[in-house]
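Please read these numbers as outputs of a predicted model, since none were measured by experiment. Each chain gets a letter, A, B and so on, in the order the sequences are listed, and its residues count up from 1.
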Amino acid sequence: MEERYLPEVIEKKWQKKWAVENSFKVTEDSSRQKYYLLEMFPYPSGRIHMGHVRNYSIGDVVGRFKRMQGFNVLHPMGWDAFGMPAENAAIQNKSHPAKWTKENIDYMRIQLRRMGLSYDWDRELATCDLDYYRWEQQIFLEMYAKGLAYKKSSFVNWCPSCETVLANEQVEEGGCWRCDSSVVQKELEQWFFRITEYADELLDYTDKLPGWPERVLVMQRNWIGKSFGCEIDFPLEKGGSIKVFTTRQDTVFGATFMSLAPEHPLALPLTIPERLHEVTAFIDRVKSTEKIRRSADDLEKEGVFTGSYCINPATGERMPLFLANFVLPDYGTGAVMAVPTHDQRDYEFARKYDLPLKVVIQPEGVLLDSGSMTEAYTEAGIMVNSGQFNGISSIIGKERVADWLQGEGKGKKTVNFRLRDWGISRQRYWGNPIPIIYCESCGAVPVPAKDLPVILPLDVEFTGEGGSPLARLDSFVNTSCPLCGKTARRETDTMDTFVESSWYFLRYCCPDYVGGPLDSDKVNYWMSVDQYIGGIEHAVMHLLYARFFTKVLRDLGYVNVDEPFTNLLTQGMVIKDGAKMSKSKGNVVDPNALIEKYGADTARLFSLFAAPPEKDLDWNDQGVDGSFRFLSRLWKLIYESIPFIVSAGEIKIPALTEEGRALRRLTHKTIRKVTADIDERFHFNTAIAAIMELVNGILAFTPKNLPQNAPVLKESLETALLLLYPFVPHFSEELWEILGHENGVELAGWPVFDQEAAADEELLIVVQVNGKLRSRITVPVDASEIYVRERAVTDEKVAPYLEGNVLKKVIYVPGKLLSIVV
RNA sequence: GCCCGGGUGGCGGAAUUGGUAGACGCAAGGGACUUAAAAUCCCUCGGCUGUAAGGCUGUACCGGUUCGAUUCCGGUCCCGGGCACCA
């Protein structure tokens with residue numbers, strides 16, 4: 001054994017052993033309890049960053065801990081390999097996305113292996129592999145057959161100069177990121193997944209996921225956004241009607257005009273010829289506004305009059321029809337009945353265009369007047385100017401008006417969701433081709449099973465201009481119709497990369513299966529994922545899509561679980577100097593440098609010690625030294641303790657000195673704390689702190705002249721090694737072996753907590769007078785309340801505060817605190 | 001703007017169910033060892049005040065509930081994540 005801790009030697013040794021012995025390979029085993037542990041797989045961007053180090057260190061702690069406890073742990077790793085950056089790199093560096101991605105994966109795999117992570121590498125997959133995406137095409141077609149995949153018209157960001165579709169990220173202040181041209185909204189036929197079909201189930205199950213953080217569930221509920229309201233028909237003067245969705249049908253008598261989204265299909269048809277020029281200009285202007293700006297409250301409300309009118313079905317009054325920039329085409333029906341007195345956006349709009357205001361809800365106490373009001377009144381109140389509903393509360397009125405409208409045939413009660421169907425079409429190359437063929441006679445035809453997969457061709461040019469590279473590749477596009485044999489064209493859109501990440505956790509259960517997307521026997525053994533770990537930034541979209549896919553695959557008969565992830569741990573961001581690490585900000589910390597200088601164990605230990613997982617971590621290298629010093633100190637301590645340890649026998653409790661009993665107590669208290677911190681809270685920072693305190697306790701302990709205490713020293717040091725194993729596996733395995741154990745730490749098992757050894761002999765009671773801390777007293781563990789009271793009131797620090805005062809109240813929290821009120 | 005979080009010493013953080021604010025670590029200062037340096041070890045370390053014992057004060061800000069609030073409630077400010085084509 002070396003006297004000094006030399007991580008590079010130890011880590012190489014154990015990593016080699018794990019690789020050669022395939023130590024973390026697992027198979028289905030009905031005799032052991034399974035534990036499916038998963039961290040969100042990385043996008044192969046080039047190299048791992050501190051966020052990865054943190055994420056995978058957290059996961060590895062859980063994996064190694066569960067394996068020590070005897071679980072059959074599935075812990076896979078793979079690559080979310082399709083996506084835009086590969087294509088951008090191709091445009092910039094003239095390298096092929098496939099090559100770029102593969103090189104990145106190869107490099108990042110080495111980096112992950114250097115961290116000593118306990119993956120079953122035999123299950124590794126990359127979503128750009130034909131053996132992965134081919135099965136996704138099959139799933140797409142099964143969804144298409146069930147009507148869960150469909151096509152409809154929708155808008156994309158379009159750069160007229162590059163003639164290409166831009167992702168939101170590629171639009172910078174309304175301009176194209178490459179050429180700065182003004183971006184416009186272009187209407188395209190696109191593929192969608194009918195996630196709204198599952199809206200109710202996705203919402204209902206948010207109450208059946210107790211292992212998820214409440215804040216994530218709240219975000220998902222709000223995202224789905226179920227609201228109860230009314231669909232009301234507003235007849236048009238020219239005939240026909242416009243449907244409106246509202247949750248405020250109690251204000252229908254106050255609707256004085258109508259606002260349509262500029263994208264509304266009736267926008268142009270309802271525009272009178274004299275106004276056509278102005279209206280068209282307005283529509284063009286709104287379409288070039290960024291989507292987030294559109295829904296902002298501080299957006300300057302703008303609109304244009306179409307020249308047409310509709311009729312308020314409640315009052316029979318004429319309402320002018322406007323187009324308004326704040327009305328969104330994809331929420332509700334894309335049309336809003338405007339009630340300027342009781343909706344702030346309508347109010348601002350009405351003031352600007354001098355439209356009539358009519359108060360229909362009166363708050364209690366104040367008299368609202370349409371002439372003098374300065375903002376909309378949006379709360380509940382008493383209905384006025386509302387015909388037969390006058391005088392009742394608007395809360396009751398909501399229900400009554402809805403019933404009345406429905407009875408009159410003027411509307412119906414409906415449920416509306418904020419959730420929209422999932423647009424999966426991407427006019428990009430580096431993604432999974434959508435397996436559809438367009439025939440002039442037969443329309444959209446699914447690629448037949450025998451012709452699958454549609455292979456993503458490699459001989460493609462990347463210019464960043466002129467739309468999808470696939471669409472320019474005749475050898476890909478031109479084909480024949482599977483139904484009639486006539487010449488036909490392939491779909492050139494690829495799928496959103498969120499599709500791949502929506503089912504990869506299922507494929508990990510059977511990565512080599514060739515009979516279909518999933519081998520149900522294996523999938524049903526491993527699913528659900530017992531612990532899923534990843535960034536909080538995925539709280540809604542990825543996690544909602546994955547839940548949706550699991551339910552779809554359940555209904556297709558592939559899986560028998562309703563939800564994919566039983567427990568979810570959302571990791572905070574790794575921040576540097578108050579900002580998310582990014583190359584452009586120049587605040588990236590390179591994990592390689594850290595691992596080279598200190599070793600993987602120190603990098604892991606420190607990334608976990610710096611903050612609890614769910615919190616954002618403001619990275620600062622300075623503390624790393626402390627983690628390394630801690631390991632070095634423990635190494636040296638064990639080196640020096642070996643003579644005592646090898647000669648130590650069994651612990652003989654009666655022979656122990658006071659000091660020996662105290663160290664045993666500390667050892668077992670530490671076992672209890674570390675176990676709870678890992679298993680229940682995932683608070684690794686406090687678990688590590690507790691082990692540090694144990695080591696500090698051992699350092700202060702001197703068994704040298706008291707041989708009967710040597711077994712206690714042995715127990716405490718071995719416990720420290722076992723407790724540390726999930727965090728610093730190379731370090732623990734090495735020392736465990738040095739101490740003469742042959743079978744490795746995982747077989748040794750997690751240390752067993754001994755209640756008796758941990759029991760306190762005396763307690764510290766805090767004494768407060770009028771809520772202020774005045775003294776601390778030490779009492780025997782079995783001290784009665786009367787004894788504690790007596791000790792407290794006679795305590796020399798407490799007594800002066802009681803003198804001359806009347807005792808009003810005494811509160812005793814057993815074993816903790818005595819609060820005296822005078 | 002909307003939805004969701006967060007704010008505690010010089011710094012990262014701890015206080016798990018309303019009960020000792022600052023565990024553990026970093027940095028800093030002082031000391032020991034050394035020819036010297038590194039490494040290591042020991043001591044101090046929220047602020048104000050006091051020779052000391054101690055006292056007062058302090059968890060973004062304002063207010064409330066309570067014997068007692070970092071923790072619960074109301075409001076304000078600031079920071080971060082997401083907002084449907086970044087993943």
Side-chain angles (χ1 to χ4, degrees), chain A residues 4 40 42-43 45 80 82-85 88 156-157 165-171 190 195 213-216 218-223 225 291-299 326 330 418-428 496-498 501 535-542 544-545 570 572-573 575 578-580 606 609-612 614-627 629-630 632-633 636 673 676-677 680-681 683 685-686 688-693 696 764-773 775-776 797 808-811 813 816-822:
Chain A
R4 279 182 54 215
M40 290 178 186
Y43 177 77
S45 55
D80 189 12
F82 276 137
M84 230 172 34
N88 292 335
V156 292
N157 301 313
V165 175
L166 299 176
N168 289 342
E169 194 191 49
Q170 297 171 313
V171 180
Q190 307 213 67
I195 190 172
E214 188 57 29
R215 66 157 150 158
V216 173
V218 170
M219 280 190 260
Q220 293 216 348
R221 282 178 205 132
N222 292 339
W223 184 267
K291 283 179 198 160
I292 292 177
R293 283 292 307 152
R294 283 276 295 277
S295 54
D297 253 18
D298 61 352
L299 173 83
F326 61 88
D330 34 26
R418 207 187 74 99
L419 181 69
R420 307 197 302 262
D421 277 338
W422 173 14
I424 59 150
S425 279
R426 297 292 180 270
Q427 293 69 38
R428 270 186 258 289
D496 178 5
T497 55
F498 271 124
S501 55
I536 184 66
E537 66 272 23
H538 297 292
V540 178
M541 301 188 64
H542 160 60
L544 194 64
Y545 293 149
T570 48
M573 313 281 296
I575 302 246
K580 188 174 168 174
F606 180 65
F609 180 57
E614 74 278 6
K615 268 190 91 161
D616 285 347
L617 168 57
D618 200 341
W619 186 266
N620 185 344
D621 280 339
Q622 282 198 321
V624 188
D625 278 321
S627 292
R629 277 201 289 261
F630 165 69
S632 301
R633 230 178 358 252
K636 192 167 157 240
K673 168 136 184 80
D677 277 353
E680 294 161 21
R681 296 206 303 162
H683 276 208
N685 56 332
T686 52
I688 294 165
I691 302 170
M692 286 175 170
E693 285 183 76
N696 288 344
L764 184 73
I765 304 283
V766 168
V767 184
Q768 295 182 345
V769 180
N770 286 348
K772 280 196 190 277
L773 174 76
S775 185
R776 297 175 172 93
K797 287 180 194 150
K808 270 211 232 147
K809 196 171 165 189
V810 177
I811 296 135
V813 183
K816 266 192 179 162
L817 161 143
L818 190 83
S819 182
I820 301 166
V821 188
V822 296

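Atom P of nucleotide B/C85 and atom CG of A/N88 are separated by 17 Å, given to the nearest angstrom. Following rounding to the nearest Å, A/N168 (CG) and B/G82 (P) show an atom-to-atom distance of 13 Å. Rounding to whole angstrom units, CZ of residue A/R428 and C1' of B/C85 are separated by 5 Å. The nearest whole Å value for the distance from the NE2 atom in A/H538 to the C1' atom in B/G80 is 16 Å. For the pair A/K808 NZ and B/C67 C1', the computed distance is 9 Å after rounding to whole Å. The nearest whole Å value for the distance from the CG atom in A/D496 to the P atom in B/A87 is 7 Å. Taking atom CG of A/L817 as the reference point, atom P of B/A21 lies 10 Å away to the nearest angstrom. Remark: P of B/G68 and NZ of A/K809 are 9 Å apart, rounded to the nearest angstrom.
Counting any heavy atom pair closer than 4.0 Å across all strands shown, A/W223 reaches a base atom. Within the nucleic acid shown, A/G572 has no heavy atom closer than 4.0 Å to any nucleic acid atom. The residue A/R426 sits close to a base: some heavy atom pair falls under 4.0 Å. At a threshold of 4.0 angstrom between heavy atoms, the contacts of A/Q190 include nucleobase atoms, whether or not backbone atoms are also involved. Within the nucleic acid shown, A/F498 comes within 4.0 Å of at least one base atom, counting heavy atoms only. Using a 4.0 Å heavy-atom criterion, one finds that A/H542 contacts no nucleic acid atom at all. Contact annotation for A/I688: no contact, since no heavy-atom pair falls under 4.0 Å across all strands. Across all strands, A/V813 comes closer than 4.0 Å to base atoms (heavy-atom distances). Note on A/T497: only backbone sugar-phosphate atoms sit closer than 4.0 angstrom, heavy atoms only; bases stay farther off. In this structure, A/R4 reaches neither bases nor backbone, as no heavy-atom distance under 4.0 Å exists between it and the strands shown. A/E693 comes within 4.0 angstrom of the backbone, heavy atoms only, and of no base. Across all strands, A/V165 comes closer than 4.0 Å to base atoms (heavy-atom distances). Here A/S425 lies in heavy-atom contact (under 4.0 Å) with a base.
Side chain A/Q427 to base B/C85: a donor-acceptor pair is found below 3.5 Å.
Between A/K673 and A/D677, at least one side-chain N (NZ, or NE/NH1/NH2) sits under 4.0 Å from a carboxylate O, which counts as a salt bridge. For A/R221 and A/E214, the salt-bridge test passes: some basic side-chain N is under 4.0 Å from an acidic carboxylate O.
An anti base is found at B/G75: its glycosidic angle is more than 90° from 0.
Using a 4.5 Å heavy-atom threshold, the side chains of A/W422 and A/D496 count as touching.
Close to B/G54, at under 4.0 Å from its OP1 or OP2, lies no side-chain N or O of A/K772. Taking side-chain N and O atoms only, A/R629 has a distance below 4.0 Å to OP1 or OP2 of B/C26. Contact between the side-chain N/O atoms of A/N696 and the OP1/OP2 oxygens of B/G25 is found at a separation under 4.0 Å. Side-chain nitrogen and oxygen atoms of A/R420 include none within less than 4.0 Å of the OP1 or OP2 phosphate oxygen of B/A84. For the pair A/K816 and B/G19, the criterion of a side-chain N or O lying under 4.0 Å from OP1 or OP2 is not met.
Distance from the side chain of A/L764 is smallest for B/U20 among the nucleotides B/G82, B/U20, B/C86. Looking at the side chain of A/M692, the nearest of the listed nucleotides B/U20, B/G25, B/A87 is B/G25. Relative to the side chain of A/A689, the nucleotides B/C24, B/G5, B/A87 differ in distance, and B/C24 lies closest. Checking B/G19, B/C85, B/G81 against every side-chain atom of A/V156, the shortest atom distance belongs to B/C85. With distances taken from any side-chain atom of A/M541 to the nucleotides B/G19, B/A87, B/U20, the minimum falls on B/A87.
The nearest heavy atom of RNA chain B to A/W422 and to A/I536 marks one nucleotide each, and the one closer to the 5' end goes with A/I536.
Using a distance-only test at 3.5 Å, with no hydrogens or angles considered, no donor-acceptor pair links the side chain of A/D80 to the main chain of A/P42.
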Point to revise | Per-nucleotide protein contact string for nucleotides 12-18 of chain B, where B marks a base within reach and S marks sugar-phosphate only (heavy atoms under 4.0 Å, - for neither) | key: BSSSB--
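There is no side-chain donor-acceptor pair under 3.5 Å between A/T570 and A/R215.
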